[in-house]
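What follows is a set of notes on a single structure, which appears directly below.
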Amino acid sequence: MANGKANAERMADDGNTQDFWPVVKLFCPWGAATWLLSELDPKDTDFAFGLCDLGSGCPEVGTVRLSEPAVNGVGS
């Protein structure tokens, strides 16, 4: 949460954000998906930011909704 607040303040100030190291790793033990998350959106803590790799060999940096079934394992 602190990383998200820091970057929100930076965006409001000069628009330059800081790249933080991941603080949490989420993974699916039954598959290859992995999320390395560095911050939460301070306005909507259901959104996290970091490296998202669904196991297809094409990781992406961006946001993920923590309530999505792929992240929380519902329906698996």
Side-chain angles (χ1 to χ4, degrees):
M1 181 64 83
N3 292 349
K5 287 181 182 178
N7 271 340
E9 290 172 2
R10 288 173 180 261
M11 286 295 293
D13 182 36
D14 63 8
N16 293 320
T17 59
Q18 180 177 351
D19 291 333
F20 291 103
W21 287 96
V23 295
V24 66
K25 176 182 178 180
L26 304 176
F27 65 97
C28 295
W30 58 86
T34 303
W35 298 265
L36 300 173
L37 305 176
S38 61
E39 58 194 87
L40 290 176
D41 184 331
K43 293 182 181 176
D44 185 353
T45 57
D46 191 35
F47 281 102
F49 179 83
L51 181 71
C52 305
D53 183 357
L54 298 180
S56 63
C58 298
E60 296 181 10
V61 174
T63 58
V64 62
R65 185 176 287 273
L66 296 175
S67 61
E68 286 183 2
V71 175
N72 64 34
V74 173
S76 299

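Keep in mind it's a predicted model, so treat the numbers as computed, not measured.
- Residues Met1 and Pro42 approach most closely at SD-CA, 4.0 Å, considering heavy atoms.
- The CG atom of Asn3 sits 13.0 Å away from the CH2 atom of Trp21 when rounded to the nearest 0.5 Å.
- Rounded to the nearest 0.5 angstrom, Leu51 CG and Thr34 OG1 are separated by 9.0 Å.
- Heavy atoms from other residues, nucleotides or ligands lying under 6.0 Å from CG of Asp44 number more than 12.
- Counting only distance, with no hydrogens or angles, the side chain of Asn7 and the backbone of Gln18 share a donor-acceptor pair below 3.5 Å.
- Summarising the geometry of Ser38 relative to Phe20, their closest heavy-atom pair is CB-O, 3.7 Å, with the distance given to 0.1 Å.
- Checked against Phe49 for a side-chain contact (heavy atoms from CB on, under 4.5 Å), the options Asp41, Thr17, Thr63 give a single hit: Thr63.
- No path of Ile, Leu, Val, Met, Phe, Trp and Tyr side chains, each step under 4.5 Å between heavy atoms, connects Val61 with Leu37, placing them in separate hydrophobic clusters.
- The hydrophobic clustering, which links ILVMFWY residues whose side-chain heavy atoms are closer than 4.5 Å, places Val23 and Leu40 apart.
- Counting heavy atoms from C-beta on, the side chains of Trp35 and Cys28 come closer than 4.5 Å.
- The two residues Cys52 and Gly62 make their nearest non-hydrogen contact at SG-O, 4.4 Å.
- The CG atom of Asn16 lies 8.0 Å from the CZ atom of Arg10; values are rounded to the nearest 0.5 Å.
- Counting non-hydrogen atoms of other residues, nucleotides and ligands closer than 6.0 Å to CE of Met11 gives a total of 12 or fewer.
- At a threshold of 4.5 Å between side-chain heavy atoms, the hydrophobic network of Ile, Leu, Val, Met, Phe, Trp and Tyr places Val24 and Val64 in one connected group.
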